[in-house]
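To start, the structure itself, in structure tokens.
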Amino acid sequence: MRLAKIHTEKKVDGDQTVVCHDDSGPTVKAQTIHELHSLQKKKSAPTTPINGTKSSFSPTISEEELHKQQLQSISASLASLTRETGPKLVKGDPANRKAENQKVTHVEHYHHHAPTLNISDSALKFTHVLYNLSPAELYEQAIKYEKGSFITSTGALATLSGAKTGRSPRDKRVVKDKTTENELWWGKGSPNIEMDEQTFLVNRERAVDYLNSLDKVFVNDQFLNWDPEHRIKVRIVSARAYHSLFMHNMCIRPTPEELESFGSPDFTIYNAGKFPCNRFTHYMTSSTSIDINLDRKEMVILGTQYAGEMKKGLFSLMHYLMPKRQILSLHSGCNVGKDGDVALFFGLSGTGKTTLSTDHNRYLIGDDEHCWSENGVSNIEGGCYAKCIDLSREKEPDIWNAIKFGTVLENIVFDEHTREVDYSDKSVTENTRAAYPIEYIPNAKIPCVGPHPRNVILLACDAFGVLPPVSKLSLAQTMYHFISGYTALVAGTEEGVKEPQATFSACFGAAFIMLHPTKYAAMLAQKMQKHGATGWLVNTGWSGGSYGSGNRLKLAYTRKIIDSIHSGELLKANYTKSEVFGLEIPTEIEGVPSEILDPQNTWSDKKVYMDALLKLGGLFKKNFEGFVNYQIGEDNQLTEEILAAGPIF
Ligand SMILES: Nc1ncnc2c1ncn2[C@@H]1O[C@H](COP(=O)(O)OP(=O)(O)OP(=O)(O)O)[C@@H](O)[C@H]1O
Ligand SMILES: O=C([O-])CC(=O)C(=O)O
Ligand SMILES: [Ca+2]
Ligand SMILES: [Mn+2]
């Protein structure tokens with residue numbers, strides 16, 4: 001068989017034929033391939049100016065000395081608690097063998113005590129530290145070494161989180177010691193499942209030994225909270241480039257100068273996610289364990305690679321640290337108008353925090369975690385973590401456009417050839433997510449801080465279809481609904497109409513709170529009162545009937561409602577009081593048909609409506625029983641008012 005002749009001539013401009021030359025352009029300066037490669041990478045500018053400006057309190061140190069200090073600090077983080085020595089560390093990729101053989105930045109062994117004769121194999125080997133790598137470097141690491149890492153057609157990094165594609169709240173444990181025993185919320189309804197200090201240390205050792213057994217670990221030194229007065233320094237030690245890039249995007253990224261003076265972290269995460277916990281260990285009920293030790297300021301992750309555990313673990317930490325400083329931590333989205341009017345958006349998953357806080361007419365402060373202090377509001381994070389199931393360019397253009405180079409795309413499905421993502425594909429999971437730096441949203445407000453909120457919007461996706469599209473809340477009602485944290489899920493995606501499933505999650509984020517819900521509620525009440533914020537309840541769910549017979553409220557109407565809250569127009573409307581829940585319903589809103597404002601008008605059968613309303617009212621009452629014995633705030637008056645602010649029938 002003869003193969004077709006390969007033509008090396010190409011036709012240019014009609015008939016004229018040109019023979020291709022491979023040496024027609026200018027040639028490289030290098031004489032050898034090694035030289036050529038060495039030309040490709042320019043040395044990064046040193047982060048420490050050798051003789052340059054120095055701060056008044058810290059003497060200038062050489063770059064080498066700085067690296068040594070950083071490695072010593074990391075070695076201390078990775079020290080085994082039983083052997084009391086840290087591993088030998090070297091900066092850089094182990095694939096780049098030169099690092100070890102030639103110019104090794106040698107770190108003195110870290111010792112708590114005098115050197116011992118306690119030699120182990122792990123003490124003889126080097127662990128390479130990949131410290132605050134750039135997104136490009138992390139892409140290379142992921143693609144070279146982590147199965148399931150690919151570049152999508154828009155440049156995002158597609159990754160797989162392994163067996164777990166969501167958080168594992170039943171495996172989240174907190175060390176109960178003399179302090180936390182009294183400070184934290186324990187027992188029924190609490191997300192804090194207890195463990196003791198000893199068991200924590202067993203799991204910590206397991207994670208540290210696993211990480212030290214690897215050729216390399218990723219270390220991120222970053223910040224939480226855009227309020228400079230209350231910034232928290234976090235260190236994340238992980239085994240995967242995916243985890244390092246995720247946290248690079250989600251936490252606040254330090255400048256080179258800030259990194260230089262980083263020092264030791266306020267909190268450290270050991271993410272040994274691939275490695276399970278030991279079921280023979282006390283308290284362990286599965287192969288997954290996410291353990292927080294507030295006294296040691298550490299968190300250990302075993303048996304889950306879902307990156308959201310790190311994000312939400314740090315959020316739990318903030319729910320502990322911030323209230324100690326009279327700062328309220330909030331599971332909410334936040335945006336600010338051109339006139340500086342700030343709105344908070346609370347709501348459980350799928351209720352519209354991201355959709356409604358991403359608003360072309362306003363600046364985005366953040367989509368998920370905030371603080372409210374005497375200085376105003378501040379975002380805790382440096383990035384967003386958006387759901388991407390059924391994401392469409394038309395409905396959510398800003399999120400769509402944020403999925404580009406640098407963005408981590410978890411558990412999505414793509415075309416094997418074009419690498420185009422199919423956002424409707426749930427083959428891996430329904431919880432597909434994109435993590436991107438907040439500056440990927442064009443109207444992000446940077447720094448992510450703002451003045452005191454004017455409006456506090458509670459979002460509920462009411463699949464019963466009985467809550468009004470919007471109602472104005474009294475302070476007591478705001479507290480009642482904040483503590484209740486209601487939304488409804490439409491049960492299953494199987495055929496046939498299913499009953500809506502009411503969910504109650506205190507403070508709209510019960511999985512992340514550390515103190516009793518009434519502590520956060522009291523702070524919210526005090527801040528709303530002091531700064532004159534108005535509470536609103538917005539139903540982004542059903543109208544004209546429950547799920548199955550009614551329809552989901554049009555996003556366009558919800559946006560008009562939100563617009564009228566922001567502009568202050570809705571405050572001036574006329575109101576009627578609803579039955580059972582006693583909610584103030586506006587009679588008119590520009591751009592919204594008046595007949596949908598009171599839900600009873602949209603139901604064809606008034607008796608069915610009333611049954612559904614009473615059913616939901618009953619579920620609220622039952623849920624609130626757990627809170628009736630708690631005082632909220634300084635005096636009993638607010639507590640009485642809150643208890644009276646629920647459904648009455
Ligand atoms: N009336 C409505 N108001 C708000 N969202 C609506 C409405 N109707 C439909 N939707 C859809 O509901 C979804 C709301 O999800 P969104 O991602 O904003 O929730 P979230 O509160 O940020 O959830 P999570 O905490 O899981 O990130 C979007 O897909 C949006 O298009
Ligand atoms: O933490 C996650 O996995 C996603 C999220 O934002 C939430 O559940 O509130
Ligand atoms: Ca969201
Ligand atoms: Mn969230």
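For reference, positions follow the sequence shown, starting with 1. As the structure lists them, so they are numbered: ligands from 1, and atoms in each ligand from 1.
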Worksheet item: Checking S149 side chain against E146 main chain: does a donor-acceptor pair fall under 3.5 Å?
Response: yes
Discussion item. To the closest 0.5 Å, what do you measure between NE2 (H319) and CD1 (I327)?
Written reply: 13.0 Å
Discussion item. For residues 455-467, which residue pairs pass the side-chain hydrogen bond (donor to acceptor under 3.5 Å, both in side chains) check, not counting sequence neighbours?
Written reply: N455-W536, D462-Y486
Worksheet item: N/O to N/O below 3.5 Å, does that happen between L356 and ligand 1?
Response: no
Practice prompt. Would you check if the distance from the ring center of H243 to the ring center of F218 is below 6.0 Å?
Written response: no
Discussion item. Under a plain distance cut-off of 3.5 Å, with no hydrogens placed, do E410 and Y242 share a side-chain donor-acceptor pair?
Written reply: yes
Discussion item. Under a 4.0 angstrom heavy-atom cut-off, which atoms of ligand 1 come close to L348?
Written reply: 21 (O)
Fill in: For the Mn ion (ligand 4): the N/O/S atom of H331 at shortest distance
NE2
Worksheet item: Which of the atoms in ligand 2, numbered in the order shown and given with their element, are less than 4.0 Å from a heavy-atom of Y306?
Response: 2 (C), 3 (O)
Worksheet entry | Polar proximity ligand 1 side, K395 side, N/O cut 3.5 Å exclusive | no
Fill in: Option of least heavy-atom distance to atom 4 (C) of ligand 1 (set: N551, L555, V538, T487)
L555
Practice prompt. Pick, from K312, M310, E309, the option with the minimum heavy-atom distance to atom 9 (O) of ligand 2.
Written response: K312
Worksheet item: If you measure every N/O of K311 against every N/O of ligand 2, is any gap under 3.5 Å?
Response: no
Worksheet entry | Among the N, O or S atoms of D368, the one nearest the Mn ion (ligand 4) | OD1
Item to complete: Applying ring-ring contact (aromatic ring centres under 6.0 Å, His included), name anything that partners F200, two or more places apart in sequence or on another chain.
Response: none
Fill in: Atoms in ligand 2 with a heavy atom of H331 nearer than 4.0 Å
9 (O)
Worksheet item: Hey, does T558 come in under 3.5 Å of ligand 1, counting only N/O atoms on both sides?
Response: yes
Item to complete: Report yes or no: does K312 have an N/O/S atom closer than 2.8 Å to the Mn ion (ligand 4)?
Response: yes
Fill in: Close-contact set for ligand 1 against T540 heavy atoms, below 4.0 Å
1 (N), 2 (C), 3 (N), 4 (C)
Item to complete: Only heavy atoms count here, so choose which of T355, T351, I399 is nearest to atom 18 (O) of ligand 1.
Response: T355
Practice prompt. Give yes if a backbone or side-chain nitrogen or oxygen of L553 is under 3.5 Å from a nitrogen or oxygen of ligand 1, and no if not.
Written response: yes
Worksheet item: Mind checking whether S505 and F512 have side chains closer than 4.5 Å, heavy atoms only?
Response: no
Worksheet item: Is NZ or CZ of K472 both nearer than 6.0 Å to the six-membered ring centre of Y575 and within 45° of the ring axis?
Response: yes
Discussion item. Within the structure, is a non-hydrogen atom of G350 found at a distance of less than 4.0 Å from ligand 1?
Written reply: yes
Discussion item. In terms of relative ring orientation, are Y385 and F246 parallel, tilted or perpendicular, with 30° and 60° separating the classes?
Written reply: perpendicular
Worksheet item: For D368 and ligand 1, does the shortest N/O to N/O distance drop below 3.5 Å?
Response: no
Discussion item. Applying a heavy-atom cut-off of 4.0 Å, say which part of N431 lies close to ligand 2: side chain, backbone, both or neither.
Written reply: neither
Worksheet item: Of all the heavy atoms in K387, does at least one lie under 4.0 Å from an atom in ligand 2?
Response: no
Practice prompt. Kindly say whether S564 contributes a backbone atom to a donor-acceptor pair with the side chain of E590 at under 3.5 angstrom?
Written response: no
Worksheet item: Hey, are N431 and T165 close enough side-chain-wise for a donor-acceptor pair under 3.5 Å?
Response: no
Worksheet item: Just by modelled atom types, is the A511 backbone N or O under 3.5 Å from a matching donor or acceptor in the K172 side chain?
Response: yes
Item to complete: Between R433, K353, R552, K387, flag the one that comes closest to atom 11 (C) of ligand 1 by a heavy atom.
Response: R552
